[in-house]
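Notes for the one structure printed next.
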Amino acid sequence: MQQFVRFELRQQFLTGHFSTSWESAMFWVLLLLTAWAGVLTSCILLLRAAAVASVPAPAPPDGSAGAGYRPDALNLYEAAYLAGGPRRVAELTLLSMQRGRRLLLAHTGWATVVDPVGRDPHERSVLGAFGPDGQAPVVAVRVAAARDEAVRILADRLDAAGLALPAAARGAVAGGVRAVRRAAALVAATAAAALCLPVDGTAGAVILGWFSMPLLLTLGCLAIARFETYPYSAWASPAGQRLLVALDRERGEGDPLAAVALRGVRALTDPALRAALA
């Protein structure tokens, strides 16, 4: 029997079947290791960025982060920035002016000025985006208002109070999420390449099972990051998140503008307004 086995192995080696099978097996294993390397690197990057973002900012010299702020003292512009950033501030301003009948928002995506007098810097930034005829696309007005100096001043104030997440931390988390998504695509690509290799006796289901492990890790990492950062940490620090949760509990249901500030235009019940701000 041993002589027969040795004879078969020698025959496979001489005919090249053994080396071809071995090379094929090693190639898909190398693809698997490549997928694991990309997944582990990206997951570590994301988890480290999320951990840094979750650490409270150093307390200002005059008190703790967020000192002097209560949920009822947080104005809607501040809440909108902490919950959704500059775009949310611009959307809140447009809706506030529309509710006050100082601005008309059409479902076609155009806005018309009714009252050309702004009551605060944010309203004046919206009005400044209109042309001489008092009409402009909502998208253009929203972009201009989100980039206005009034929003930058608001962001600096919240950052100084320890309520807003620094721009560097936001960029690190976003970069980590993108890296993990690219790693998931890498796993899918390497798995497809492994399945296209010549058959070496390893079943395709076994190969997919090996590649499913790094893919599950990437999906789990994204889910954990989503849970840890949901729903406000893209812009709010841990102290700011606590204020937003308290404000949502107090005013999130009874005040339509507060609901928009906290949850965005999806909180609108009017389909025409949702279409105007889409």
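Bear in mind the structure is a predicted one, so any value in this text is a computation, not a measurement. The figures here come from the full heavy-atom set of this structure, side chains too, leaving out hydrogens, waters and symmetry mates.
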Enter the distance from [X]:[atom1] to [Y]:[atom2] here, rounded to the nearest 0.5 Å.
| X | Y | atom1 | atom2 | result |
| --- | --- | --- | --- | --- |
| R119 | S96 | CZ | OG | 8.0 Å |
| E123 | L94 | CD | CG | 10.0 Å |
| L31 | F211 | CG | CZ | 5.5 Å |
| R178 | L45 | CZ | CG | 10.0 Å |
| Q98 | L273 | CD | CG | 5.0 Å |
| L217 | S42 | CG | OG | 8.0 Å |

Does anything in residues 130-141 form a side-chain hydrogen bond (donor to acceptor under 3.5 Å, both in side chains)? List the pairs, not counting sequence neighbours.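 Qualifying pairs, neighbours excluded: T112-Q135.
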Counting distance only, does the side-chain N/O of [X] pair as donor-acceptor with the main-chain N or O of [Y] below 3.5 Å?
| X | Y | result |
| --- | --- | --- |
| R142 | L277 | yes |
| S237 | L165 | no |
| R152 | R147 | yes |

Compare all side-chain heavy atoms of [X] with those of [Y] and state whether any distance is below 4.5 angstrom.
| X | Y | result |
| --- | --- | --- |
| V138 | W110 | no |
| R274 | H107 | no |
| L244 | L74 | yes |
| W235 | P86 | yes |
| P116 | V113 | yes |
| L103 | L105 | yes |
| L262 | L247 | yes |
| R181 | L222 | yes |

Just wondering, more than 12 heavy atoms not from W36 lying within 6.0 Å of its CH2? yes
Sort and list the pairs that fulfil ring-ring contact (aromatic ring centres under 6.0 Å, His included) and have at least one residue in residues 162-188, not counting sequence neighbours.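 Residue pairs with at least one partner in residues 162-188: there are none.
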For residues 121-177, which residue pairs pass the ring-ring contact (aromatic ring centres under 6.0 Å, His included) check, not counting sequence neighbours?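 Output for this query lists Y77-H122.
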Looking at every heavy atom in both [X] and [Y], which two are closest together, and how far apart are they?
| X | Y | result |
| --- | --- | --- |
| C221 | V180 | SG-CG2, 4.4 Å |
| R88 | A83 | NH1-CB, 3.7 Å |
| D270 | A272 | OD1-N, 3.0 Å |
| A145 | V126 | CB-CG2, 3.8 Å |
| T190 | A35 | OG1-CB, 3.6 Å |
| A183 | T218 | CB-CG2, 4.3 Å |

Connected via hydrophobic side-chain network under 4.5 Å: [X] and [Y]:
| X | Y | result |
| --- | --- | --- |
| W28 | L215 | yes |
| L208 | V39 | yes |
| M213 | L32 | yes |
| L104 | L127 | no |
| L40 | V29 | yes |

Can you check side chain to side chain contact (heavy atoms under 4.5 Å, CB included) on D248 and R263, steps first, answer last? CA-CA 9 Å; D248 195 3; R263 292 186 286 275; 2.8 Å; yes
Given side chain to side chain contact (heavy atoms under 4.5 Å, CB included), test T93 with M97 step by step and report yes or no. CA-CA 6 Å; T93 307; M97 297 179 72; 4.2 Å; yes
Verdict with reasoning, L92 to L95, per side chain to side chain contact (heavy atoms under 4.5 Å, CB included): CA-CA 5 Å; L92 176 69; L95 288 170; 5.6 Å; no
Pair D115 + R101: basic N to acidic O under 4.0 Å: no
